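Have a look at the structure below before the remarks.
None of these values were measured; they are calculated from a predicted model. Here is how names work: the chains are called A, B, and so on, in the same order as the sequence lines, proteins then strands, and each is numbered from 1.
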There are 2 protein chains.
Amino acid sequence: MTDKRGSRATDRTEAIMRTTLELGKEIGYAKLSIEAVAARAGVGKHTIYRRWSSKGALFLDSLLSLNKSDLDYPDTGDIVADLRRQIHAAMDLLDRPPVGPLYRALIGEALLNPQVAAALNDHFITPQAEKTLARLKAARDQGQLSPGFDLDLAMDILSGPLYFRALIVQEPLTHEYVDRVIEALFTGMECRP
Amino acid sequence: MTDKRGSRATDRTEAIMRTTLELGKEIGYAKLSIEAVAARAGVGKHTIYRRWSSKGALFLDSLLSLNKSDLDYPDTGDIVADLRRQIHAAMDLLDRPPVGPLYRALIGEALLNPQVAAALNDHFITPQAEKTLARLKAARDQGQLSPGFDLDLAMDILSGPLYFRALIVQEPLTHEYVDRVIEALFTGMECRP
DNA sequence: ATATCGGAACGGCACGTGCCGTGTTGACAC
DNA sequence: GTGTCAACACGGCACGTGCCGTTCCGATAT
């Protein structure tokens with residue numbers, strides 16, 4: 001057994017997740033069945049059930065296995081520019097095919113299955129939110145933001161409208177829209193007459 | 001057939017929707033089956049399928065049949081106070097038992113079923129958004145807001161963070177949090193050092 | 001007489017769980 | 001190194017269950 005190849009078990013796990021994504025893109029998450037994944041992957045159903053407790057858990061892992069591509073924040077010293085860059089990148093990944101529809105379905109599943117919701121939060125939502133908070137906190141510590149700046153609220157105002165449009169209203173997101181949200185957060189809405 | 005009672009057909013429709021909500025509260029939307037609704041309502045499955053095309057459609061109608069209680073905006077002339085009042089009321093209804101968990105599940109279903117998503121938008125999300133837009137526009141027309149005030153973006157910043165916390169992060173919402181969002185929108189985040 | 005109903009039964013699909021025969025793995029003896 | 005072997009994970013198959021969406025039938029109301 002050389003170092004060149006992973007163990008058989010790892011190979012199978014990856015093959016199953018790859019097949020899950022492939023089938024998910026073809027027929028959508030809703031119609032996806034574990035039987036179909038097992039059949040196409042050339043794998044017994046047991047092998048899937050041994051590793052994942054539900055279709056949602058399998059799907060979550062499969063999607064997370066993609067995102068090794070980084071959604072980290074740069075730190076050029078300019079908080080606004082860094083936020084723009086990261087949010088644009090995140091949006092391009094999470095709101096567009098091929099990942100977009102799958103991510104949307106995953107959140108739908110999380111709303112119906114608390115276990116999936118917990119796993120999604122632990123392995124993606126919370127870590128991602130903490131990256132945002134950390135970057136904002138760094139900016140505040142560097143004096144770019146007021147000491148009283150509400151980091152948590154800022155996080156919600158950055159993320160909330162995007163999720164709202166993507167998931168609820170289901171209208172397309174654009175970089176320009178992201179920029180408007182960021183501008184509203186940092187320079188304020190043009191509000192008083 | 002007197003005027004005092006609705007037609008049999010209407011009676012049955014309402015009985016089915018009532019049973020759907022009742023069962024939904026007991027076992028949750030995910031475990032709800034049309035068979036179970038039919039059995040408890042003392043109704044043939046055909047009678048349900050004749051009226052609704054899917055479990056999601058039935059559930060949507062059932063939930064909407066509740067909300068005749070108004071989520072309309074008052075107009076006291078004070079836009080901030082009116083927004084506070086309406087959003088507090090909406091949140092109390094949509095984010096707390098008994099409706100909260102059901103509404104959350106409905107959105108989950110909408111994310112998995114485009115037909116339900118479209119119906120939810122047409123019959124609830126969009127009308128509600130337009131109420132918000134109308135109230136904001138009235139305030140702008142009355143000179144309480146700048147002519148350049150971005151109504152759509154304001155709507156998203158009012159709704160987005162709330163949906164984000166309720167659905168994604170799944171943390172409890174409070175009136176105080178709503179107030180912070182509104183304050184951030186109208187008086188700005190305490191941002192510049 | 002006509003339409004609608006409740007109830008029962010149906011074929012179909014996917015679930016999650018057993019069992020079986022087959023390989024692969026890793027420890028140990030020599 | 002070579003050979004042996006127990007343990008384990010595997011693919012495949014079949015099973016019982018639950019719910020789907022549909023069809024049929026006898027009863028009932030208009």
Side-chain angles (χ1 to χ4, degrees), chain A residues 1-20 22-24 26-62 105-106 108-109 112-116 119, chain B residues 1-20 22-24 26-62 105-106 108-109 112-116 119:
Chain A
M1 172 165 334
T2 70
D3 290 331
K4 288 179 183 178
R5 305 189 319 173
S7 68
R8 304 258 171 202
T10 302
D11 285 350
R12 274 195 193 86
T13 298
E14 287 173 0
I16 292 167
M17 296 194 299
R18 216 179 313 122
T19 306
T20 300
E22 190 182 305
L23 255 178
E26 288 180 23
I27 63 177
Y29 173 78
K31 295 182 181 174
L32 193 67
S33 74
I34 289 187
E35 290 214 16
V37 173
R40 178 175 298 199
V43 146
K45 285 200 283 177
H46 271 306
T47 307
I48 297 182
Y49 282 111
R50 200 175 295 124
R51 290 173 168 76
W52 294 279
S53 61
S54 71
K55 170 176 147 183
L58 164 61
F59 199 67
L60 172 63
D61 271 9
S62 303
L106 177 61
E109 178 68 32
L112 299 180
N113 182 338
Q115 289 187 356
V116 173
Chain B
M1 171 170 333
T2 71
D3 289 330
K4 288 181 183 176
R5 303 189 318 172
S7 67
R8 303 259 170 204
T10 302
D11 285 350
R12 273 196 195 88
T13 298
E14 287 173 1
I16 291 167
M17 296 195 298
R18 216 180 313 120
T19 307
T20 300
E22 190 182 305
L23 255 179
E26 288 181 21
I27 63 177
Y29 173 79
K31 294 182 181 174
L32 193 68
S33 74
I34 290 186
E35 292 214 13
V37 172
R40 178 174 300 198
V43 144
K45 284 201 287 177
H46 199 50
T47 306
I48 296 183
Y49 282 112
R50 198 178 298 125
R51 291 172 168 78
W52 294 277
S53 60
S54 70
K55 170 177 147 183
L58 165 61
F59 198 68
L60 172 63
D61 271 8
S62 303
L106 177 62
E109 178 68 31
L112 299 179
N113 183 339
Q115 288 187 355
V116 173

Distance-only polar pair, side chains of A/Thr13 and A/Arg51, donor-acceptor under 3.5 Å: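 Judged by distance alone, the side chains do pair up.
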Between [atom2] on [N] and [atom1] on [X], what's the gap in Å once rounded to a whole number?
X	N	atom1	atom2	result
A/Leu32	C/dC15	CG	C1'	14 Å
B/Trp52	D/dC20	CH2	P	15 Å
A/Ile34	C/dT17	CD1	P	10 Å
B/Leu58	D/dG21	CG	P	11 Å
B/Ile48	C/dG7	CD1	C1'	13 Å
B/Asp11	D/dT28	CG	P	19 Å
A/Lys55	C/dC13	NZ	C1'	13 Å

Minimum heavy-atom distance A/Lys55-A/Tyr29, with the two atoms named: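 Residues A/Lys55 and A/Tyr29, closest heavy atoms: NZ-O, 3.0 Å.
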Ignoring hydrogens, what is the shortest heavy-atom contact between B/Ser54 and B/Val116? Give both atom names and the distance.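 Scanning both residues, the minimum pair turns out to be OG-CG2, 4.2 Å.
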Of B/Lys45 and A/His46, the one whose closest nucleotide on DNA chain D sits nearer the 5' end is A/His46
Kindly say if A/Thr47 contacts the phosphate of D/dA9, meaning a side-chain N or O under 4.0 Å from OP1 or OP2.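 A/Thr47 to D/dA9 OP1/OP2: no side-chain N or O under 4.0 Å.
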Distance test, side-chain N/O of A/Arg12 to OP1/OP2 of D/dG11, below 4.0 Å: yes
Does atom CD of B/Gln115 have more than 12 heavy-atom neighbours from other groups under 6.0 Å away? no
Among D/dC20, C/dC15, D/dG11, which nucleotide sits nearest the side chain of A/Glu35? C/dC15
Could you work out which one of C/dG6, D/dC19, D/dG21 sits closest to the side chain of B/Tyr49? D/dG21
